[in-house]
Amino acid sequence: EDQVTQSPEALRLQEGESSSLNCSYTVSGLRGLFWYRQDPGKGPEFLFTLYSAGEEKEKERLKATLTKKESFLHITAPKPEDSATYLCAVQAGRLTFGEGTQLTVNP
Amino acid sequence: ETGVTQTPRHLVMGMTNKKSLKCEQHLGHNAMYWYKQSAKKPLELMFVYNFKEQTENNSVPSRFSPECPNSSHLFLHLHTLQPEDSALYLCASSQRQGEAGLEQYFGPGTRLTVT
């Protein structure tokens, strides 16, 4: 059975304080790993797709990386508007989601 | 309208009511999905339609009945729900089902409360 574990559950940062979110996974035949952002009361918003170990993708202050067992979402110099829940999902057949990391960035 | 839209955004219903959730995607996609999101739990896949045909039913109770009249519209018919069915119901779409790396795009969800 595919499993996705995200850590930490919650993270509080000061504006400008860089950090990383972790997504550990167990899957038979990874076909893609996805990162989403979800704001309160809204649906998840697609951020990145990673396919193979060693791959990296960047978007503004976010950078996603992938190894054979985990993915990291690095947030550089975050701003309060980066506050959201970040979801990781792996695709073998269907998508399997983790529980998410709730990020709060204080001004 | 752009992206994936869902109506209503909020719904309160009694356990004996019948109601329907509606989803529409404006992305030209061929696969549509229903997910349930409960507090402190991962998104749970409920149903998948690919080119209007149901391809997955993730052991969902029969009080939830999906309908997909065309590739752009998806409904979830609800009847005799239980309080534990209270959750955020999310609709998503993708170009096709199952192809590697095809991202899903989500609607804003319907917040359902069963009293």
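So you know, we letter chains A, B, ... as the sequences are listed, proteins then strands, and number each from 1.
- Heavy-atom pairs under 4.5 Å with chain B were tallied for A/Gly98, A/Ala89, A/Gly32; the largest tally goes to A/Gly98.
- Using a 4.5 Å cut-off between heavy atoms, A/Gln102 makes no contact with chain B at all.
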For this session: Tell me, with the steps shown, if B/Phe64 and B/Phe47 meet ring-ring contact (aromatic ring centres under 6.0 Å, His included).
Result: CA-CA 10 Å; B/Phe64 296 90; B/Phe47 302 104; 7.6 Å; no
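- Counted by atom type alone, A/Glu70 and A/Asn22 present one or more donor-acceptor pairs between their side chains at under 3.5 Å.
- Each of B/Arg111, B/Glu44, B/Glu56 has some count of heavy-atom pairs under 4.5 Å with chain A, and the biggest count is that of B/Glu56.
- Proximity to chain A (any heavy atom under 4.5 Å) is shown, for B/Gln6, by neither the backbone nor the side chain.
- Between A/His74 and A/Ser20, the side chains place a donor N or O and an acceptor N or O closer than 3.5 Å (distance only, hydrogens not considered).
- There is no contact between B/Gln97 and chain A, counting heavy-atom distances below 4.5 Å.
- In this structure, a donor-acceptor pair under 3.5 Å is absent between the side chains of B/His29 and B/Ser94.
- Contacts of B/Leu88 with chain A are made by side-chain atoms alone, with heavy-atom separations under 4.5 Å and no backbone atom involved.
- We find the OG-NZ distance between A/Ser52 and A/Lys68 to be 10.5 Å, quoted to the nearest 0.5 Å.
- In this structure, no portion of A/Leu30 lies under 4.5 Å from any heavy atom of chain B.
- For chain A, the nearby part of B/Tyr35 is the side chain; its heavy atoms alone come within less than 4.5 Å.
- Counting heavy-atom pairs under 4.5 Å between each of A/Lys42, A/Arg31, A/Glu9 and chain B puts A/Arg31 at the top.
- The two residues B/Lys41 and A/Glu99 come nearest to each other via the heavy atoms C-CG, 4.4 Å.
- When B/Gly107, B/Ala92, B/Pro42 are compared by the number of non-hydrogen pairs under 4.5 Å with chain A, B/Pro42 comes out ahead.
- For the pair A/Leu87 and A/Gly100, the tightest heavy-atom approach, listed with the atom from each and the gap, is CD2-CA, 3.6 Å.
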